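Chain identifiers are assigned alphabetically (A, B, ...) following the order of the sequence lines, protein sequences preceding nucleic acid strands; residue numbering begins at 1 within each chain. This one's a predicted model, so the numbers in the text were calculated from it and none came from an experiment.
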Amino acid sequence: MERPRHQGMAKNTSMRWRLPLTCLLWEVAMIVLFGVFVRFGPEADAHWEEEKREMNLTSDIENDFYFRYPSFQDVHVMIFVGFGFLMTFLKRYGFGAVGFNFLLAAFGIQWALLMQGWFHSFKGGKILIGVENLINADFCVGSVCIAFGAILGKTSPIQLLILTLFQVTLFAVNEYILLNLLHVKDAGGSMTIHTFGAYFGLTVTRILYRPNLEQSKDKQGSVYHSDLFAMIGTLYLWMYWPSFNSAISEHGDAQHRAAINTYCSLAACVLTTVAFSSMLQKKGKLDMVHIQNATLAGGVAVGTSAEMMLTPYGSLIVGFICGIVSTVGYVYLTPFLESRLHIQDTCGIHNLHAMPGLIGGIVGAITAAAATEDVYGKEGFIKAFDFTGTYQTRTPSVQGGFQAAGIVVSLLMAFAGGAVVGAILKLPIWGDAAAENCFEDDIYWEVPEDEESDVYHMHNPDKPASP
Amino acid sequence: MERPRHQGMAKNTSMRWRLPLTCLLWEVAMIVLFGVFVRFGPEADAHWEEEKREMNLTSDIENDFYFRYPSFQDVHVMIFVGFGFLMTFLKRYGFGAVGFNFLLAAFGIQWALLMQGWFHSFKGGKILIGVENLINADFCVGSVCIAFGAILGKTSPIQLLILTLFQVTLFAVNEYILLNLLHVKDAGGSMTIHTFGAYFGLTVTRILYRPNLEQSKDKQGSVYHSDLFAMIGTLYLWMYWPSFNSAISEHGDAQHRAAINTYCSLAACVLTTVAFSSMLQKKGKLDMVHIQNATLAGGVAVGTSAEMMLTPYGSLIVGFICGIVSTVGYVYLTPFLESRLHIQDTCGIHNLHAMPGLIGGIVGAITAAAATEDVYGKEGFIKAFDFTGTYQTRTPSVQGGFQAAGIVVSLLMAFAGGAVVGAILKLPIWGDAAAENCFEDDIYWEVPEDEESDVYHMHNPDKPASP
Amino acid sequence: MERPRHQGMAKNTSMRWRLPLTCLLWEVAMIVLFGVFVRFGPEADAHWEEEKREMNLTSDIENDFYFRYPSFQDVHVMIFVGFGFLMTFLKRYGFGAVGFNFLLAAFGIQWALLMQGWFHSFKGGKILIGVENLINADFCVGSVCIAFGAILGKTSPIQLLILTLFQVTLFAVNEYILLNLLHVKDAGGSMTIHTFGAYFGLTVTRILYRPNLEQSKDKQGSVYHSDLFAMIGTLYLWMYWPSFNSAISEHGDAQHRAAINTYCSLAACVLTTVAFSSMLQKKGKLDMVHIQNATLAGGVAVGTSAEMMLTPYGSLIVGFICGIVSTVGYVYLTPFLESRLHIQDTCGIHNLHAMPGLIGGIVGAITAAAATEDVYGKEGFIKAFDFTGTYQTRTPSVQGGFQAAGIVVSLLMAFAGGAVVGAILKLPIWGDAAAENCFEDDIYWEVPEDEESDVYHMHNPDKPASP
């Protein structure tokens, strides 16, 4: 039943008017909305000198820029190079991986500045932005990059832009519910970014199920060099993850602690990933898919608890477990999800983001519930969980309960949102490729004649060598 | 007429004595000049403790190092990896792109430290350097990397070193005229770096015009993997451009603001680049050349105004326009410049740096002219434009006029300097390659036997397999 | 005599149980040891507010995190991307280069946190860690990455883990002797990291000498794209080396100065590397091996003296010399070491780390011996060399003597340690590959069918196309 639709679509993948119009109209909308709403926050405004006096700051170094800008740049690299190159592993979809990720992220950060701004930085009718807003916008887009991983190679750039528009919107709503209504802690986004993003993407790909995808199976693999390109993505995600989890934590000890916990968790995760990758292959050989992905699960899984007193050995334990869970997921769960549940998960985000994200939410709930004034110090305890104002009387165990509720809300938002967005993307007007043309850059990109072809032509004197 | 010269030259591309002698003698000259002139600035000197007391600083964190070092490193990455890899798109010129860029930048930063030092950091007979000097040296070299883009693949490494020597010198003079004599603002260098660098390079390539360049046309394209390598360059330039434009701005709000404006401009630029790349291709397919280059035009075009109160939506508008201008330039202007004006612009720097640089200068002039005490605050206004001392009475509109004059001066310096340097490089003694050997690493590099050849040999039993 | 052993081993390279067990057991050991010993230092602990009051700090920005985190991230990139990709130059060992480097470094940083912690951060029965410990752990692992360069392609992952375990241990002991007992300065680790790491690795590879290695000679070279991947590693090492040498220097001027000195040394080194690479090749062509490696020697060689008043021109001189020494080493010494001394040094670490490391130690000794109160200022002099407490009366020339002693100790530790570890690695139970299978990912990795093969199959209708 699906087949004919896709065959029909094959004639219709041209983006010539649909994509330009979408990009231009949406960008105009961004300009109008920014014009109406977005202004510099006090630390980026030229009135800063006055602000400084009012806030009794003695030095420019107290500007939030110097606390967060290095972390912002690391996060920025993760979103554009990290996610972008991680997905270049496919042999003929490198342009789409890195190029579409670039497109959706560039649009997404603008829309996220608005959505998150209305919820969190809205003062006197204006959204006042600073470096923290930039980081949060990148975070929000990170969840879209994750969802992109599930549908990689199977959607048109317009579908990706639509996905971004809706997912950023829902992300901001979900984040608001968690951070403001439930008063949940989630600095590195195990729940808001990873759990939400991954289950959202998995729901979308389930709805976009393509029964004939085996027609492009030859293009679903990697080649030697594409695996090396993907390792660039992996390593930048791995190296900068401590910045990711600490980027928006409180100044001082919290940022410091979040970086250390993440560093430890990621280190342990590499060892168990290697162990299980080797163990689960007949000849004990390592599988690049695992090294590229499962090694990162440790970063996902301390996303909620990194700024808490998880302790270095606690982080090692979390990383230890997640390397195993994620690798085993790649070997057994991904094929199962595809064959039984019809969830075609190109990059295996279920193993890298969904399960570790859930684990991260749970670890966060437990760590919060286990917090004591003894461990945190009287002041540190209040500061770490922001037990002030309305939340003055909240106890650790209650906080743990709310943290757990945050997981559930994120899941529900992901499933519901993913279902609606998946249905929209299923409409036969967005120019997605036929099953046999999936995972193939040639559909949406001008692809240069390449080495192989050169050689090929060399041996085919009948065929003209020029394109 | 040109042809015979180049054919004759083909025998003479050997660098064996010319290149080593140039490198060694020039480096010895650097050592001597550094020995005579260059010393540590007060914040890098071991007398810093005394300095701190004098300046009434209470903490080491007030050392300029902590304000600027992270931005410096980002700029450093842009110069060496950003520009270097951006130019690896050619199928057989990756070594030259990344290697010659490395060479000229490594020499250029030393000469720039001296030239800029004499103009701006000269005290008591010594050039006193600190992290800001390192950033400025990288900036100066950035303009050489831009010019390199125009002549990529067509010049010998000696020619590139000579180009660097002269261009850095002229850059420093032009910068001095703009910043000190005209008292112009140009933190991200729309005028000093991009306009100057691009028109300088375009003038040089015009003078070095090669009528028979179509002989190496087969090597002027990209292959699949080389386009991915180039995307590494693109993304690092794109991600770190906020650091570029804010690196030498005033501490505090100005740095913060410059980063935000650049972030916004670049995001908008991606959308319009994609729109026009798709729109201008018959089948609506995206062209990697546009994605690799035009997406960066937004960063160039807010180079002057980023630290001003351009506002986020103002930045979006600038980015919006520049994505269009740059992409349209690649499609229509580049072929026109080559066929009619005999300007062979390998990387299309006219579209990425020249036009956006001009726009950036103009946007800066307008933004400065439109500045009011209301928008900047009384103190902020004076601080932003440094309206102190001699410039105490300068009004915004006058400042706007001087900014515009800065554009004109940069253009004149570029044309005049480029003409002279082009003429020098045209001398038939520098070992440049013949037209049929352009864009080919094999001329100046030991190139390994590669995959293709392996395969080729596999099918050619007559030909010996070893090199 | 070796031959049969290796041929026998060919059947035994399966890692299926050996590698997983090693990884899992060692990681469990890490968790237990971290649980017993490792806690957050005061600046990462939730009690920081109280600490701040006690230390009389007025702002969170005084947290060491903000002094060192950006440098830490740069160092982190050097270890994982820098060293990892630098070694991808081999045509069929990219997975091993980047993947095994990832594995050994991820294990090594954990073990280094413990070993270095016991020596330097042990208080009240606990190791208290902060960002400086993370940097030091990365540094320690850097010395293992260096040693890995000598044996690249010839060892199994288990051998690499064993090497890491022992080398980290010895590194920590050697570092303790130098820094604490000899009271030597070595901020960038010319002695502790480079001299020790390189001679350790060279001793190991000498003991693991493979007489029949020419059987895999066809795989010891690079291909075009692998050389470009390696340049990613080179450039990140080169760009971030100023962060490496300044990362753990004293706050303020020392960090600032170390970055400037390293920047200068590296710039000069590029010029002399290019000069000698061209000069030593018959046709004057540049050799990628030199550009990828010798350009970095300048960073190694100012590792000890960068934080001293070496001065910018002093740095240029050091870089000038090291570019020459290193390049000449690649051309003449490496073949000599292999043929005469049976030292098979895959990456040429003797030229990049051993000789420049020695030079760095000597330069450090001379610079220390030449220090005067005039140059450093009274306070600066004491601060720079930490001439306090027991060392109050130490003179510069005595310090120079101790610095020189540090070189000797590092060498002795490297030779003795390398001999023992080499003997352990020689045991025929670790699953290393036969000589004809060295430098080949296929032994330990599932390697995807690649482009070449596709083409190959295209022309071989007899052979089935699927793997």
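Top candidate by heavy-atom pairs under 4.5 Å with chain C, chosen from His76(B), Gln73(B), Glu43(B), is Gln73(B). Per-residue heavy-atom pair counts under 4.5 Å with chain C were compared for Phe40(B), Tyr444(B), Trp17(B), and the maximum is reached by Phe40(B). The choice from Ile291(C), Ile260(C), Ile324(C), Leu266(C) that makes the most heavy-atom pairs within less than 4.5 Å of chain B is Ile260(C). Of the listed residues (Gly314(C), Gly252(C), Cys264(C), Ser315(C)), the greatest number of heavy-atom pairs within a distance under 4.5 Å of chain B belongs to Gly252(C). Per-residue heavy-atom pair counts under 4.5 Å with chain B were compared for Gly377(C), Gly323(C), Pro312(C), and the maximum is reached by Pro312(C). Chain C forms the most heavy-atom pairs under 4.5 Å with one residue out of Phe229(B), Trp26(B), Phe107(B), Tyr69(B), and that residue is Phe229(B). Heavy-atom pairs under 4.5 Å with chain B were tallied for Val375(C), Leu286(C), Ile317(C); the largest tally goes to Leu286(C). Counting heavy-atom pairs closer than 4.5 Å to chain B, the top-ranked of the candidates Thr272(C), Thr58(C), Asp227(C), Asp287(C) is Asp227(C). If you tally non-hydrogen atom pairs under 4.5 Å between each of Phe37(B), Phe72(B), Tyr66(B), Trp48(B) and chain C, the highest count goes to Tyr66(B). Annotation: maximal heavy-atom pairing with chain B below 4.5 Å, among Gly380(C), Ala259(C), Ala275(C), occurs at Ala275(C). In terms of non-hydrogen atom pairs under 4.5 Å with chain C, the most contact-rich of Val98(B), Leu134(B), Leu19(B), Leu24(B) is Leu134(B). When the candidates Val38(B), Asp45(B), Thr22(B) are compared by the number of heavy-atom contacts under 4.5 Å with chain C, Asp45(B) comes out ahead.
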Note to self: As a quick check of understanding, evaluate salt bridge (charged side-chain N to carboxylate O under 4.0 Å, His left out) for Glu132(B) and Arg68(B), giving each step before the final call.
What the structure shows: CA-CA 7 Å; Glu132(B) 197 172 335; Arg68(B) 304 205 186 277; 3.7 Å; yes
Next item on the list: Could you walk me through whether Asp60(B) and Lys52(B) pass salt bridge (charged side-chain N to carboxylate O under 4.0 Å, His left out), step by step?
Entry: CA-CA 8 Å; Asp60(B) 282 323; Lys52(B) 232 166 54 176; 2.8 Å; yes
Notebook entry, point to check: How far apart are the C-alpha atoms of Asp218(C) and Lys91(C), what are their side-chain angles, what is the distance that settles it, and do they pass the salt bridge (charged side-chain N to carboxylate O under 4.0 Å, His left out) test?
Noted result: CA-CA 9 Å; Asp218(C) 56 314; Lys91(C) 67 178 82 167; over 6 Å; no
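Ring-centre distance between Trp241(C) and Tyr263(C): not below the 6.0 Å cut-off. Note: Phe100(B) and Phe95(B) fail the aromatic proximity criterion, with ring centroids not under 6.0 Å apart.
For the pair Phe276(C) and Val328(C), the minimum side-chain heavy-atom distance is below 4.5 Å. Contact check for Glu49(B) versus Lys378(C): no side-chain heavy atoms found under the 4.5 Å cut-off. In this structure, the side chains of Leu316(C) and Gln110(B) come closer than 4.5 Å at one or more pairs of heavy atoms.
Interface remark: Val36(B) contributes no atoms to any contact with chain C (heavy atom separation under 4.5 Å). For a residue to count as touching a neighbouring chain, one of its non-hydrogen atoms must lie under 4.5 Å from one of that chain's; by this rule Asp64(C) does not touch chain B. Using a 4.5 Å cut-off between heavy atoms, Ala384(C) makes no contact with chain B at all. With a threshold of 4.5 angstrom between heavy atoms, Ser277(C) does not approach chain B through any atom at all. Heavy atoms of Asp74(B) lying under 4.5 Å from chain C are absent altogether. Contact annotation for Asn133(B): neither backbone nor side-chain heavy atoms come within less than 4.5 Å of a heavy atom of chain C. The part of Phe320(C) that comes within reach of chain B is its side chain, from C-beta onward, which places non-hydrogen atoms under 4.5 angstrom from that chain. Looking at Gln292(C), neither its backbone nor its side chain comes within 4.5 Å of chain B, counting heavy atoms on both sides. Only the side chain of Ile232(B) comes within less than 4.5 Å of a heavy atom in chain C; its backbone stays farther off.
No side-chain donor-acceptor contact under 3.5 Å links Lys285(C) to the backbone of Ile443(B). When atom types are taken as modelled, the side chain of Thr88(C) and the backbone of Gly94(C) share no donor-acceptor pair closer than 3.5 angstrom. Using modelled atom types, no side-chain atom of His251(B) and backbone atom of Phe67(B) make a donor-acceptor pair closer than 3.5 Å.
The NE2 atom of His225(B) sits 14.5 Å away from atom CE of Met231(B), with the distance rounded to the nearest 0.5 Å.
Judged by the 6.0 Å and 45° rule, Arg92(B) forms a cation-pi pair with Tyr224(C).
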